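Throughout, numbering of the chain's residues begins at 1 and tracks the sequence. Ligands are counted one by one from 1 in listed order, and the atoms in each one are counted from 1 as well. Quick caveat: nothing in here was measured; it's all calculated off a predicted structure.
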Amino acid sequence: MVKMDDSLNYAERWRPGNLAGLNKRFEGAEPEKLLRWALHTYQEDVAMATGFGASGVVLMDMVARIRPKTTIFYLNTDLLFPETLALRDQLAERLDITFTSVHSAISLGTQAAMYGEQLWQRSPDLCCKLRKVEPLRRFLADKKAWVTGIRRDQSATRANTAMIGWDDANRLLKLSPLAGWTKKDVWKYIYERDLPYNPLLDQGYTSLGCLPCTRRANGATDERASRWVGFEKVECGIHG
Ligand code: SF4
């Protein structure tokens, strides 16, 4: 467990101004270079997050080959698509990964009793906070870095994603080795390695989250267009 004074020193060490050198070192390099550095530097103190999207599949394939015992976790909201859960099981077998399920402290039933039925229809921000943001914060509390599959080309909100950033909300380094990759790069890797992916991505969905908040994208180019249709919201809160 990271102590408070350790945490303060760690935050001081990785102030945004101190990250420029590292970002320069890894920008434009293959994602594996950053992953090798991070996974071997932080070992048990680094974890990879995935929502089982196409980028996540690429990243977990790289992580599983570089350091097989690395913790790979997903936010189990109780509302994931059955296809996503089936893909999880397929990937677990293919890549020999034991995924860590990070669950909200409250069940859907308790949430409904406290805030009313189908909270996501009225207040998706609160629902995401309860089922994603707070569980993530608790899970990352004793980590020093986390790895995500987000890319700059996914949406305007992700256009400035750094390869290595300081996640001030969760107080640790946030690594995005695929930040500079394009959608085309991701699919090339998936086809070349013959990796499984979510079949819903062939059926008009461009990004997959919880079942009640995900729709077909109807030809929109923004990958996040299939999420929270009807709301201004484009992020669940874990990426800012
Ligand atoms: S994506 Fe929707 S259902 Fe899932 S946690 Fe957020 S608001 Fe709730």
Side-chain angles (χ1 to χ4, degrees), residues 47-57 59-60 71-89 91 99-141 143 146-151 154-158 161 167-170 174 176 178 183 197-218 220-240:
M48 179 198 149
T50 184
F52 302 103
S55 294
V57 169
L59 208 50
M60 69 180 72
T71 300
I72 304 181
F73 71 96
Y74 66 103
L75 297 171
N76 182 356
T77 60
D78 296 320
L79 292 159
L80 297 176
F81 281 83
E83 289 86 346
T84 302
L85 298 175
L87 175 64
R88 173 200 60 188
D89 296 342
L91 287 163
F99 291 106
T100 300
S101 163
V102 176
H103 193 263
S104 171
I106 57 174
S107 67
L108 286 176
T110 304
Q111 180 170 303
M114 289 171 75
Y115 301 100
E117 295 287 341
Q118 303 188 337
L119 179 61
W120 48 86
Q121 286 187 350
R122 287 169 286 109
S123 180
D125 282 344
L126 177 57
C127 186
C128 278
K129 183 172 174 230
L130 296 168
R131 312 210 72 74
K132 293 185 174 183
V133 177
E134 289 180 346
L136 178 74
R137 192 159 302 167
R138 284 192 294 273
F139 182 71
L140 293 180
K143 305 283 184 298
W146 66 305
V147 181
T148 85
I150 64 175
R151 309 189 322 266
Q154 284 176 313
S155 67
T157 53
R158 297 184 177 185
T161 299
D167 176 350
D168 206 40
N170 294 302
K174 180 174 174 180
S176 305
L178 300 181
K183 185 176 179 177
Y197 61 90
N198 198 318
L200 294 174
L201 295 174
D202 288 334
Q203 297 169 31
Y205 293 88
T206 52
S207 166
L208 291 155
C210 295
L211 218 154
C213 298
T214 309
R215 299 279 181 277
R216 286 184 170 81
N218 289 326
T221 50
D222 188 324
E223 273 191 33
R224 307 286 294 171
S226 55
R227 310 284 288 275
W228 301 288
V229 175
F231 289 89
E232 289 291 308
K233 187 175 171 67
V234 288
E235 294 286 353
C236 57
I238 66 171
H239 296 303

Exercise. Hey, does the side chain of T214 reach the backbone of L208 with a donor-acceptor pair shorter than 3.5 angstrom?
Worked result: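 Checking the backbone N and O of L208 against the side chain of T214, no donor-acceptor pair under 3.5 Å is found.
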Exercise. Sub-3.5 Å donor-acceptor pair from the side chain of R151 to the main-chain atoms of T161, do we have one?
Worked result: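 Absent.
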Exercise. Does C128 bring an N, O or S atom to under 2.8 Å of atom 6 (Fe) of ligand 1?
Worked result: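 True for C128.
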For this session: Classify the ring geometry between F73 and F139 as parallel (under 30°), tilted (30 to 60°) or perpendicular (over 60°).
Result: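 It falls in the tilted class, 30° to 60°.
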Exercise. Where does P124 meet ligand 1, judged by heavy-atom distances below 4.0 Å: at the side chain, the backbone, both, or neither?
Worked result: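 Contact part for P124 vs ligand 1: both backbone and side chain.
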For this session: Could you tell me which atoms of ligand 1, counted from 1 in the order shown, lie closer than 4.0 angstrom to a heavy atom of L79?
Result: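 Counting atoms of ligand 1 from 1, those under 4.0 Å from L79 are 3 (S).
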For this session: State the atoms of ligand 1, each with its element, that fall below the 4.0 Å cut-off from a heavy-atom position in C213.
Result: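 With C213 as reference, the close atoms of ligand 1 come out as 1 (S), 2 (Fe), 3 (S), 7 (S).
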For this session: Could you go through the side chain to side chain donor-acceptor pair (under 3.5 Å) check for D167 and W146 one step at a time?
Result: CA-CA 9 Å; D167 176 350; W146 66 305; 3.0 Å; yes
Exercise. With a 4.5 Å limit on heavy-atom distance, are the side chains of K174 and I150 in contact?
Worked result: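 Answer yes - side chains close enough.
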Problem set entry | N, O or S of C210 under 2.8 Å from atom 4 (Fe) of ligand 1 |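 Short answer: yes, at least one N, O or S atom is under the cut-off.
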